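Written out below as structure tokens is the structure these notes cover.
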Amino acid sequence: MSSARISSLEMGRLLAIFAVVIIHAGPLRGDAYSQNINILSDVINQLSRFAVPFFFLLTGYFTQPKLTQAPSKTFSHYAKPLVAIWLAWSAIYLLIPFRFDVAMTEGYLAARIGYWNFLLDSPLNTLFEGGMVHLWYIPGLLCALGIIALLIRFKQQSLMVPLALGLYMWGLGAGSYQPIMEGEAPIFTRNGPFFSLLMVVAGFELRRRNITFSTKVSVAMFLGGLSLCLAEGALLSQYDIWMATHDFLLGTPIMAIGIFSLLLNHPTWGNSPVTFALSQRVLGVYVAHFVVMIVLFNVLGAFAIEGPVKDMLLAPLTVLLSFGLVFLLEKLPFTRFLVQMNNSKPHQIPRTKAA
């Protein structure tokens, strides 16, 4: 299959970036709602967890031919601009105060020093994350692409799947399932290659082996994966682990592959110039949206806007204003690198994305 952009997958990018914003906005959560509504919030959170795995799948799927033919060159092609984006946005988020009221009343350092100390307390983990929590996606993606490139370079491609599965299980054992499996890891296992490698390899293998699933099977995988995630969340809640903290569970890859396959089966879905115009800016929205969200949190807080009104405003405004910010940054030559992989035409090179 050609690596030209597929409208259904581009639509999937847009659905996924909205899901990322939903995860970070956390609607229907808190004392303003009943316990049942808070449970619904947790369900929405897990439903939205297909997003980052979907982005990893996309990267593996579209880079497979290039990685197979020229692994080192392909890795370098992705790594150079992504590292620049990661470093620049890490610096931005290190500088932006989260609480404007604290910065104005107690001073800038008072508003920032606690977060800086938090990052310094775990420097290795910070290296795999960056200046803000969502930026973990970029080091995670590069870890996965780097491992795949090395395995291909040294003709050990057969190790990709078992290594990816092993790291995923290690990540679960030292992450969400730590109270049961008592696993340990040098970093928070959401970061690095623990989960990213399996999802990128899954996309890689779907393309390389031309694996397809029928629409019925794809829907069953998505719903089954989601159901498994919810069941796992309910089980782990017995160990006082909040369901909304689970980035990856056993059901997550199944859910993500299900929706990815469903969209592949319907390549004309979302076939609109608007879809393509917006989807090529998803990476920019991913890295930039927390700036918008921080501002909105402060503005809404200043006007004491809470509960349902806040939930109705926060996610839609974050998405709209983030796209606006990306369009603005693209217009300025010295800020364009913050939101674009390169200056190539978007229809020629499939873009990676990022939660």
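Worth saying up front: this structure is predicted, and the values here are computed from it rather than measured.
Between Val291 and Met132 there is no side-chain heavy-atom pair separated by less than 4.5 Å. Under the 4.5 Å side-chain criterion, counting only non-hydrogen atoms from C-beta, Tyr115 is not in contact with Pro97. Using a 4.5 Å cut-off on side-chain heavy atoms (C-beta onward), Thr318 and Phe290 make no contact. Counting heavy atoms from C-beta outward, Leu262 and Met221 have side chains that stay 4.5 Å or more apart. Using a 4.5 Å cut-off on side-chain heavy atoms (C-beta onward), Leu198 and Phe56 make no contact. Taking 4.5 Å as the limit, every side-chain heavy atom of Val287 sits out of range of all side-chain heavy atoms of Leu338. In this structure, Leu119 and Leu94 have side chains that are in contact, with non-hydrogen atoms separated by less than 4.5 Å. Inter-residue side-chain proximity for Arg49 and Asp247 is flagged as met; some heavy-atom pair is nearer than 4.5 Å.
Without hydrogens or angle criteria, Ser7 side chain to Trp269 main chain gives a donor-acceptor distance under 3.5 Å. A distance-only check finds no donor-acceptor pair linking the side chain of Glu205 to the backbone of Val161 [under 3.5 Å]. Remark: the backbone N or O of Glu330 is paired with a side-chain donor or acceptor of Arg336 at under 3.5 angstrom. Asn191 contributes no side-chain N or O that, together with a main-chain N or O of Trp136, makes up a donor-acceptor pair within less than 3.5 Å. A donor-acceptor pair under 3.5 Å is formed between the side chain of Arg5 and the backbone N or O of Phe276. Trp170 places a side-chain N or O within donor-acceptor distance of the main-chain N or O of Glu184, the cut-off being under 3.5 Å. Of the possible donor and acceptor atoms, none in the side chain of Thr268 sits under 3.5 Å from a partner among the backbone N and O of Asn271. Judged by distance alone, the side chain of Arg281 and the main-chain N or O of Ala277 form a donor-acceptor pair under 3.5 Å. Judged by distance alone, with hydrogens and angles left aside, the side-chain atoms of Ser48 form no donor-acceptor pair with the main-chain N or O of Val20 at under 3.5 Å. In terms of modelled atom types and a separation under 3.5 Å, the side chain of Tyr108 and the main chain of Leu95 share a donor-acceptor contact.
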ask   = Would Leu250 and Leu172 satisfy side chain to side chain contact (heavy atoms under 4.5 Å, CB included), going step by step from the backbone distance to the final call?
value = CA-CA 8 Å; Leu250 288 170; Leu172 289 178; 3.4 Å; yes
inquiry  = Go through it in stages, so that I can follow the logic: the residues are Val319 and Val285, the test is side chain to side chain contact (heavy atoms under 4.5 Å, CB included), and I'd like the CA-CA distance, side-chain angles, deciding distance and then a yes or no.
reply    = CA-CA 8 Å; Val319 172; Val285 171; 5.9 Å; no
request  = Carefully, step by step, assess Ser122 and Phe188 under the rule side chain to side chain contact (heavy atoms under 4.5 Å, CB included).
outcome  = CA-CA 10 Å; Ser122 53; Phe188 181 40; over 6 Å; no
Worked check of side chain to side chain contact (heavy atoms under 4.5 Å, CB included) between Trp242 and Asn45 = CA-CA 11 Å; Trp242 183 24; Asn45 178 279; over 6 Å; no
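No side-chain N or O of His289 forms a donor-acceptor pair with one of His134 less than 3.5 Å apart. Remark: the Gln178 side chain and the Tyr239 side chain contain no N/O donor-acceptor pair separated by less than 3.5 Å. Defined by atom type and a distance below 3.5 Å, a donor-acceptor pair is missing between the side-chain atoms of His246 and Thr252.
One distance of note links NZ of Lys216 with CG of Asn265; it measures 13.0 Å at 0.5 Å rounding. Taking CD1 from Ile259 and CD1 from Ile254, the interatomic distance works out to 14.5 Å, rounded to the nearest 0.5 Å. Note that CD1 of Ile257 and CG of Leu264 are 11.5 Å apart. Values are rounded to the nearest 0.5 Å. Note that CE of Met169 is 8.5 Å distant from CG of Leu165, once rounded to the nearest 0.5 Å. In this structure, OG in Ser279 is found 10.0 Å from CG in Leu9, a value given to the nearest 0.5 Å. Summarising the geometry, atom CD1 belonging to Ile152 is positioned 4.5 Å from atom CD belonging to Gln157; distances are rounded to the nearest 0.5 Å.
Residue Val309 is grouped with residue Phe297 when hydrophobic side chains (ILVMFWY) are merged at heavy-atom distances under 4.5 angstrom, including chains of intermediate members. Connection of Tyr286 to Leu328 is not established within any shared hydrophobic cluster, with ILVMFWY side chains joined at heavy-atom distances below 4.5 Å, either directly or through further cluster members. Cluster annotation: Leu197 and Leu150 are assigned to distinct hydrophobic clusters (Ile/Leu/Val/Met/Phe/Trp/Tyr, side-chain heavy-atom contacts under 4.5 Å, transitive). Linking Ile, Leu, Val, Met, Phe, Trp and Tyr whenever their side-chain heavy atoms come within less than 4.5 Å puts Phe327 and Val274 in one cluster. Residues Leu120 and Phe98 are members of separate hydrophobic clusters, defined by side-chain heavy-atom contacts under 4.5 angstrom among Ile, Leu, Val, Met, Phe, Trp and Tyr.
Shown here for Gln46 and Cys229, the closest heavy-atom pair between the two residues is OE1-CB, 3.8 Å. Contact detail for Ala174 and Thr189: the closest heavy-atom pair is CB-CG2, 3.9 Å. When every heavy atom of Leu263 is checked against every heavy atom of Met11, the shortest pair comes out as CD2-CE, 3.8 Å. Nearest approach of Ile148 to Val201, heavy atoms of both residues: CD1-CG2, 3.8 Å. Scanning both residues, Ile241 and Pro179, for their nearest heavy atoms gives CD1-CG, 3.4 Å. Listed here is the closest heavy atom pair of Ala84 and Phe337: O-CE1, 4.1 Å.
Heavy-atom neighbours of Arg112 CZ from other residues, nucleotides or ligands within 6.0 Å: above the threshold of 12. Atom CG of Asp121 is surrounded by more than 12 heavy atoms from other residues, nucleotides or ligands within 6.0 Å.
Gln64 pairs by the side-chain hydrogen bond (donor to acceptor under 3.5 Å, both in side chains) definition with Thr68, not counting sequence neighbours. Under the ring-ring contact (aromatic ring centres under 6.0 Å, His included) criterion, Phe248 pairs with Phe195, sequence neighbours left out.
Ring geometry for Tyr93 versus Trp89: interplanar angle of 30 to 60°, hence tilted.
The residue from Phe55, Phe54, Phe222 that alone fulfils the ring pair (Phe, Tyr, Trp, His ring centres under 6.0 Å) condition with Phe260 is Phe54.
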